[in-house]
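For reference, the structure discussed in these notes is given below.
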Amino acid sequence: MLMSTHSNHPFHLVDYSPWPLTGAIGTMTLVSGMVKWFHQYSMILIMVGMTITILTVYQWWRDVSREGTFQGLHTYMVTTGLRWGMILFILSEVLFFSSFFWAFFHSSLSPSIELGTLWPPMSIIPFNPFQIPLLNTTILLASGITVTWAHHSLMENNHTQTTQGLFFTVLLGVYFTMLQAYEYIEAPFSIAEAAYGSTFFVATGFHGIHVLIGTTFLLICLIRHLNGYFSKNHHFGFEAAAWYWHFVDIVWLFLYVSIYWWGG
């Protein structure tokens, strides 16, 4: 009996894939390796977990790119579903960061006796918001402009300017991460110093992780663009990355105004 290679419906019924299983194994190994690293100072298991996870992510993204670009499985209806999935994911991220802001304002608006009824606590020297934090704000706002430039260039079939816009966005993302790492190294307080230290490092640290993820997302889009995967009408992978990057920008503005400027 001959099997047809074409379907008569617009939905995408995914093929069997080993990547969810290997991804779960890699994540479990990575978390177990972190526990071993914390308690036994051994990084062997964490490196194994990172290797499995990175290889899984690479091959899973390769398959999704192949499905959407060469196999034509990302129809209009499938793309609409992907759009809603990305919107709901970003909404979940909004709630994720809302919990950090809630914790920060809970402690800062009414400091407890243990904190000396002061915010920041007396022993903590906060960062100057008009030095590296202001520079990082400028960098992220500039990256928002360059990713929008890249998006509009792509919709106008301008290959060169799309490449330039994406390249500068990735470069600015890397620059932001380097400055934040320098800020952490030079920090006059640690995550263990009262509610201020914990809320500061958890909120800015998770934002930093999101910047790393967004930079990787845009780097993959740059590589796909250079390989001719995107067209004027078919580029949701890039659009999702741009949405995510704008979300990261907005979260940083709230972090800068509330934690660095007002909270400091």
Side-chain angles (χ1 to χ4, degrees), residues 27 30-31 33-43 45-47 49-50 53-54 93-94 96-108 111 114-116 118-144 168-219 244-264:
T27 306
L30 184 61
V31 174
M34 289 180 69
V35 173
K36 188 173 183 181
W37 178 38
F38 292 159
H39 291 277
Q40 299 181 3
Y41 307 104
S42 171
M43 293 193 66
L45 195 59
I46 197 172
M47 295 304 294
M50 286 180 66
T53 304
I54 290 170
E93 293 281 278
V94 170
F96 178 73
F97 277 99
S98 295
S99 64
F100 301 143
F101 285 109
W102 186 295
F104 174 79
F105 284 113
H106 175 79
S107 297
S108 60
E114 289 81 7
L115 298 175
L118 291 174
W119 192 267
M122 189 178 295
S123 61
I124 289 179
I125 304 171
F127 288 103
N128 186 339
F130 301 108
Q131 293 180 349
I132 289 180
L134 182 59
L135 177 58
N136 269 344
T137 303
T138 308
I139 289 167
L140 276 191
L141 289 175
S143 71
F168 284 121
T169 308
V170 171
L171 197 65
L172 289 168
V174 172
Y175 187 30
F176 176 93
T177 302
M178 290 170 63
L179 285 174
Q180 191 170 28
Y182 174 76
E183 184 182 70
Y184 278 10
I185 293 169
E186 297 295 321
F189 56 91
S190 72
I191 194 172
E193 293 191 51
Y196 186 90
S198 60
T199 53
F200 175 87
F201 280 104
V202 169
T204 59
F206 269 111
H207 177 267
I209 291 170
H210 282 71
V211 171
L212 282 172
I213 294 169
T215 305
T216 307
F217 204 169
L218 289 165
L219 179 61
Y244 187 83
W245 196 252
H246 287 309
F247 163 74
V248 167
D249 283 356
I250 293 169
V251 170
W252 175 258
L253 289 176
F254 278 99
L255 283 172
Y256 176 73
V257 171
S258 60
I259 294 180
Y260 283 100
W261 184 34
W262 179 84

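What you are looking at is a predicted structure, and each value in this text was computed from that prediction instead of being measured.
- Thr137 and Tyr260 are not linked by any side-chain donor-acceptor pair at a separation below 3.5 angstrom, with hydrogens and angles left out of the test.
- Rounding to the nearest 0.5 Å gives a distance of 10.0 Å between CD of Glu183 and CD of Glu186.
- Nearest heavy-atom pair, Asn136 versus Gln180, reported as atom, atom and distance to 0.1 Å: ND2-N, 4.0 Å.
- Atom CZ of Phe104 and atom OH of Tyr196 lie 6.5 Å apart (nearest 0.5 Å).
- Taking CZ from Phe217 and OG1 from Thr169, the interatomic distance works out to 13.5 Å, rounded to the nearest 0.5 Å.
- Remark: Leu30 CG to Leu45 CG distance equals 9.0 Å, nearest 0.5 Å.
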Verify side chain to side chain contact (heavy atoms under 4.5 Å, CB included) between Val202 and His207, making sure each step is shown before the conclusion. CA-CA 8 Å; Val202 169; His207 177 267; over 6 Å; no

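- Other residues, nucleotides and ligands contribute more than 12 heavy atoms inside 6.0 Å of the CZ atom of Phe96.
- Using the six-membered ring where Trp is involved, Phe105 and Trp262 have ring planes that are tilted, between 30° and 60° apart.
- Checked by atom type and distance alone, the side chain of Glu193 pairs as donor or acceptor with a backbone atom of Ser190 at under 3.5 Å.
- Results of the side chain to side chain contact (heavy atoms under 4.5 Å, CB included) test with Thr215 over Leu212, Val211, Leu218 single out Val211 as the only residue that passes.
- Phe101 and Phe254 have perpendicular rings, their planes meeting at more than 60° on a 0 to 90° scale where under 30° would count as parallel.
- Between Phe97 and Phe100, the ring planes lie perpendicular to each other; the angle is over 60°, past the 30° to 60° tilted range.
- For the residue pair Ser143/Trp245, the side-chain donor-acceptor check at 3.5 Å is satisfied.
- Closest heavy-atom contact between Gly197 and Phe189: CA-CD1, 4.2 Å.
- A heavy-atom distance below 4.5 Å is found between the side chains of Tyr175 and Leu135.
- Within 6.0 Å of the CE atom in Met43, the count of heavy atoms belonging to other residues, nucleotides or ligands exceeds 12.
- Rounded to the nearest 0.5 Å, atoms CG (Leu141) and CH2 (Trp252) are 11.0 Å apart.
- For the pair Tyr184 (side chain) and Gly205 (backbone), a donor-acceptor distance under 3.5 Å is present.
- Although no hydrogens or angles enter the test, the distance criterion places no donor-acceptor pair under 3.5 Å between the side chain of Glu93 and the main chain of Val248.
- In terms of heavy-atom proximity, Asn128 sits nearest to Pro133 at O-CD, 3.5 Å.
- Between Ile139 and Leu172, the closest heavy-atom pair is CG2-O, 3.3 Å.
- Note that the OG1 atom of Thr199 and the CH2 atom of Trp102 stand 15.5 Å from one another [nearest 0.5 Å].
- No donor-acceptor pair under 3.5 Å is formed between the side chain of Thr53 and the backbone N or O of Met50.
- Panel note: side chain Tyr256, backbone Pro129; a donor-acceptor pair is recorded below 3.5 Å.
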